[in-house]
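Lettering follows sequence order; numbering is per chain, from 1.
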Number of protein chains: 2
Amino acid sequence: MAAEVRHTNRRGEILDHASRLFSAHGYDGTAIRLIARASGVTEAAIYRHFDGKAQLYDEVIRAKAREHDIAGDLAASRGCGDVEDVLRVVANHVLSLAHRDPELVRLMSNSSLENDQGRATIFREVRSPYIEFLVEEITRRMAAGEVRRIDPVITSRCFVGMVMDCALNAGMWSRFAGAEVDAQTVVCNNVPIFARGLTNDGATAPFNDGV
Amino acid sequence: MAAEVRHTNRRGEILDHASRLFSAHGYDGTAIRLIARASGVTEAAIYRHFDGKAQLYDEVIRAKAREHDIAGDLAASRGCGDVEDVLRVVANHVLSLAHRDPELVRLMSNSSLENDQGRATIFREVRSPYIEFLVEEITRRMAAGEVRRIDPVITSRCFVGMVMDCALNAGMWSRFAGAEVDAQTVVCNNVPIFARGLTNDGATAPFNDGV
DNA sequence: GGACAGAGTCAACGTTCGCTCACCTCGTTC
DNA sequence: GAACGAGGTGAGCGAACGTTGACTCTGTCC
């Protein structure tokens with residue numbers, strides 16, 4: 001990270017402005033001309049640094065995803081607490097990420113069809129770390145009898161999807177329902193529901209049927 | 001006389017082709033020229049029927065939303081079965097809607113920033129009916145003691161969000177994990193988890209604390 | 001001090017965009 | 001049968017688009 005700081009930061013500046021504009025207006029809605037003007041250079045200068053619009057967009061996505069070490073953050077909580085704690089860690093991380101980096105949220109909900117590769121990149125870099133962490137935790141806790149017998153992959157994908165959808169559409173909620181709901185309230189409401197649905201009752205034997 | 005008047009349907013034809021193209025390439029990615037060519041007319045003809053591109057897009061969204069009577073479908077299941085049945089009805093309806101009308105799914109995930117009004121329309125016409133149905137069901141069952149004390153609005157929004165995210169990103173799943181997961185498997189896995197998290201234990205008294 | 005490469009500008013290219021205009025062709029109405 | 005409005009055409013507008021080529025400036029290396 002510190003090694004990248006050359007004495008000309010133009011490339012980074014362009015990437016920053018492009019990230020902001022792409023996230024605000026989408027891929028098709030952002031002209032190279034706009035990025036150039038925002039970066040204080042001409043359009044031709046942008047083509048000195050990037051091969052074209054598509055490649056610039058791809059670099060923006062990749063740089064944005066690399067800003068966060070999601071898997072690394074989650075690794076610290078590996079094996080800690082009960083399954084409710086695990087869900088809470090994931091949900092809180094997603095929602096705080098969305099709060100810290102609104103551009104990322106917009107890029108995620110923007111890169112739907114325009115530039116399908118960008119969408120795949122975001123999916124792989126942002127969503128997958130959460131899912132993989134959850135799958136691992138749930139699988140281990142299922143073997144230990146803490147979690148009932150469910151499909152860890154489907155369950156993890158859907159839980160992450162629920163939290164992502166919440167982060168992406170929080171703005172829409174307030175527009176229709178009026179009252180703003182903060183992230184912590186959502187977590188406090190939903191994580192226990194999901195956790196309760198996942199955990200074995202104390203009365204039930206951990207291994208009630210074979211694998 | 002009345003049998004040959006099918007070509008008075010130009011407006012509807014244009015809407016159909018516009019719907020297909022907008023859902024395939026997004027708002028900015030779809031040129032009026034393309035819609036005209038697909039509809040077998042010139043661009044000028046489109047401007048006879050619609051005020052402009054933005055209004056055409058809005059009409060597409062509105063027509064698409066009106067194709068389905070989500071609230072009406074759900075009303076038939078009002079008050080039936082236990083809370084698990086209610087969740088299953090909602091999840092199955094969302095997933096079958098997505099299966100029957102892929103264009104709608106694409107429009108939903110496409111209309112992100114481009115034309116924000118279109119996004120709000122889809123949100124109101126497609127998502128809200130599910131949420132309102134769930135809120136009503138959960139609230140009633142909470143009062144009856146079947147469901148634990150949770151926030152019905154947040155819970156409903158998040159459940160619907162989970163299912164929508166599943167419907168929207170099912171294509172992405174298979175690309176990364178390889179194995180395709182069909183909708184019914186997802187419902188069978190997740191609805192019981194959520195339902196179990198919502199329902200009161202049999203051992204617990206229905207009203208264990210005041211409202 | 002000359003060669004060279006990177007970074008930047010300026011001007012323009014060919015194309016496509018949303019949109020409009022003048023005109024045509026009907027079926028209906030008075 | 002004249003008038004008329006709805007629906008359609010073909011040509012073309014001005015603007016914006018992504019992209020490129022020729023050129024300049026400025027360090028750095030041999």
Send over the distance from B:Arg48 CZ to C:dA22 P, rounded to a whole Å. 12 Å
Is the phosphate of C:dG8, meaning OP1 or OP2, less than 4.0 Å from a side-chain N or O of A:Arg10? yes
Parallel, tilted or perpendicular: ring planes of B:Phe22 versus B:Tyr27, cut at 30 and 60 degrees: parallel
Under the side-chain hydrogen bond (donor to acceptor under 3.5 Å, both in side chains) test, residues paired with A:Thr155 that sit two or more places apart: B:Asn189
In the 5'-to-3' direction, what one-character label does each nucleotide of nucleotides 12-20 of chain D receive under the scheme B = base within less than 4.0 Å of a protein heavy atom, S = sugar-phosphate only, - = no such atom? -----BBBB
Nearest-Å distance for atom pair CD1/C1', residues A:Ile46 and C:dA7: 13 Å
For A:Asp101, give me all partners under side-chain hydrogen bond (donor to acceptor under 3.5 Å, both in side chains), at least two apart in sequence or on another chain. A:Lys64, A:His68
Please report the distance, rounded to the nearest Å, between CZ in B:Phe50 and P in C:dT20. 15 Å
Output all residues satisfying side-chain hydrogen bond (donor to acceptor under 3.5 Å, both in side chains) with A:Glu59, sequence neighbours left out; order by chain, then residue number. A:Arg11, A:Gln55
For residues 41-50 of chain A, the side chain to side chain donor-acceptor pair (under 3.5 Å) pairs (sequence neighbours left out) are A:Arg33-A:Glu43
Measure from CG on A:Asn9 to C1' on C:dG8 and round the result to the nearest Å. 16 Å
Rounded distance (Å) that lies between atom C1' of C:dG8 and atom CD1 of A:Ile14: 10 Å
For B:Asp182, check side-chain hydrogen bond (donor to acceptor under 3.5 Å, both in side chains) against everything at least two apart and list the hits. B:Thr185
Establish, with yes or no, whether the OP1 or OP2 oxygen of C:dG8 is under 4.0 angstrom from a side-chain nitrogen or oxygen of A:His49. yes
